[in-house]
Amino acid sequence: MASMTSAKPRILSGMRPTGKLHLGNLVGALENWVQLQQRYESFHIVADWHTLTTDYEHCREIPGNTFEMVTDWLACGIDPELSPIFVQSHIKQHAELHLLFSMLVTQARLERNPTLKEQVRDLSLEARLSYGHVGYPVLQAADILMYKGEFVPVGEDQVPHIELAREIARKFNMLYSPKKPVFPEPAPMLTQFPRFPGTDGNRMAKSLGNTLLISDRPDTLRAKIKMAVTDPLKVRRGDPGRPDICLIFTYHNRFNVAEVPEIRAGCESGALGCVECKARCADRIIEHLAPIHEKRAHYEKHPQDVHDIIAQGDGRAREEAERTMAEVHEAIGF
Ligand code: TRP
């Protein structure tokens, strides 16, 4: 009965399984999760049903992508003893709670969601927008509330979904169990990291083909960084550069803090050329990833360990889900 006896507040963290993760995922989410698991009781959900919203034609890739993503989570320091890792589709109660919640939300409310509107625009979904896609924030509310998550570490784009989960929790409690609320009202915990650029200067994203993967080998990282764009006005060594618009400088800021003043001075004066600057950047990133790669190699050699960890996490999640659904059934009276 961990949740009853634990004094730590409960966090629910989740990602869609998109396969191998990149440095944007590491800096923007994973490193934060690793820190949080000490002070909070963290549950980590692999939101595989969520990938169907946009990728329902590619179901067969999902198990492999789940394996790769969980391997990255473990390599980066998610401790499955402290923080269960489980798969959404393995816990069927999510589907039932989603159904019950779906009656408590209007269609108009879902269509007002700014994150959904952005997805529709960015992916030109207008005529192809599915019923399941419009409703996925309700499924997310079920993911969070099933485990009575009090905090959800997310980026800006997910805040509207957490707000919806709060509304659903409030409505359910008021309607069915006003004297003994079943659900807490979860709050977003904003991941405070400015957007992390990919090697073309845009936001790092798999769909943009500009990623540095956590699992990339050193030679791959060096090659990708060598090709990355820099200040277009700095063509050769001797030309003064503008570190504040250079993505390589953003990487130094994150992975090479000690040398930042020197790099800035060298870039601005022109004494430091991009080739050397990039090589030093690659070295630091490779150093940072070395212990992660070592752990990853272990799991690559022992894939059964990853499957066992997920099975254990599923077990802990299922226990919680059964307990919550018993309360839900009592509240609704059938
Ligand atoms: N919707 C989230 C995303 O697209 C993933 C997600 C699903 C999630 N369920 C969750 C995140 C529960 C936090 C908690 O990134």
Side-chain angles (χ1 to χ4, degrees), residues 9-19 21-22 24-30 32-33 36-37 40-56 62 65-66 69-70 72-73 78 83-95 97-98 101-102 110 113-120 122-123 125 130 132-169 183-191 193 195-196 203-207 313-314 317 320-321 324:
R10 171 78 55 88
I11 276 189
L12 217 98
S13 307
M15 278 186 207
R16 300 168 180 228
T18 50
L21 299 179
H22 54 66
N25 302 126
L26 179 69
V27 164
L30 262 182
N32 189 31
W33 290 7
L36 290 169
Q37 65 183 345
Y40 295 85
E41 192 188 16
S42 297
F43 272 55
H44 295 98
I45 184 168
V46 177
D48 57 351
W49 279 339
H50 279 255
T51 59
L52 301 178
T53 53
T54 49
D55 263 344
Y56 57 91
I62 292 174
N65 285 344
T66 293
M69 184 174 83
V70 171
D72 279 331
W73 286 4
I78 299 296
S83 310
I85 293 172
F86 62 101
V87 176
Q88 183 182 39
S89 67
H90 296 177
I91 314 294
K92 304 302 179 198
Q93 285 88 341
H94 294 135
L97 194 57
H98 166 253
F101 284 173
S102 72
L110 293 176
N113 186 314
T115 299
L116 180 77
K117 284 187 189 163
E118 253 167 52
Q119 282 178 351
V120 170
D122 293 350
L123 306 171
L125 288 175
S130 71
H133 194 160
V134 180
Y136 90 87
V138 182
L139 180 59
Q140 186 165 349
D143 297 339
I144 297 166
L145 296 176
M146 184 71 81
Y147 307 96
K148 305 198 175 183
E150 294 158 84
F151 299 100
V152 189
V154 286
E156 267 320 323
D157 65 307
Q158 297 287 306
V159 172
H161 303 344
I162 312 305
E163 183 52 37
L164 184 78
R166 296 172 65 82
E167 289 173 29
I168 290 174
F183 298 114
E185 290 182 26
M189 210 175 223
L190 271 185
T191 307
F193 201 85
R195 47 172 235 135
F196 195 73
R203 168 182 69 91
M204 189 177 282
K206 202 161 206 187
S207 57
D314 286 346
E320 294 279 328
T324 299

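Ligands are counted one by one from 1 in listed order, and the atoms in each one are counted from 1 as well. Computed from heavy atoms alone, side chains included, the values below leave out hydrogens, waters and symmetry copies.
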message = Restricting to side chain to side chain contact (heavy atoms under 4.5 Å, CB included), what partner residues turn up for D314, sequence neighbours left out?
response = F86, V87, H90, I91, I310, R318
request  = Inspect the contact between E150 and R10 and indicate whether a charged nitrogen and a carboxylate oxygen are less than 4.0 angstrom apart.
outcome  = no
Can you pull every nitrogen or oxygen pair between ligand 1 and the protein closer than 3.5 angstrom?
{"from": "ligand 1", "atom 1": "1 (N)", "to": "Q140", "atom 2": "OE1", "distance (Å)": "2.8"}
{"from": "ligand 1", "atom 1": "1 (N)", "to": "Q158", "atom 2": "OE1", "distance (Å)": "3.0"}
{"from": "ligand 1", "atom 1": "4 (O)", "to": "R16", "atom 2": "NE", "distance (Å)": "2.8"}
{"from": "ligand 1", "atom 1": "9 (N)", "to": "D143", "atom 2": "OD2", "distance (Å)": "2.7"}

inquiry  = Applying ring-ring contact (aromatic ring centres under 6.0 Å, His included), can you list everything that pairs with W49, at least two apart in sequence or on another chain?
reply    = none
Validation: residues 155-165 side-chain donor-acceptor distances under 3.5 Å, sequence neighbours left out:
{"from": "Q158", "atom 1": "OE1", "to": "Q140", "atom 2": "NE2", "distance (Å)": "3.1"}
{"from": "H161", "atom 1": "ND1", "to": "N113", "atom 2": "ND2", "distance (Å)": "3.1"}
{"from": "H161", "atom 1": "NE2", "to": "Y136", "atom 2": "OH", "distance (Å)": "2.9"}

task = Would you check if the distance from the ring center of H44 to the ring center of Y147 is below 6.0 Å?
result = no
task = Show the numbers, then the answer: is there a side chain to side chain contact (heavy atoms under 4.5 Å, CB included) between I45 and I144?
result = CA-CA 9 Å; I45 184 168; I144 297 166; over 6 Å; no
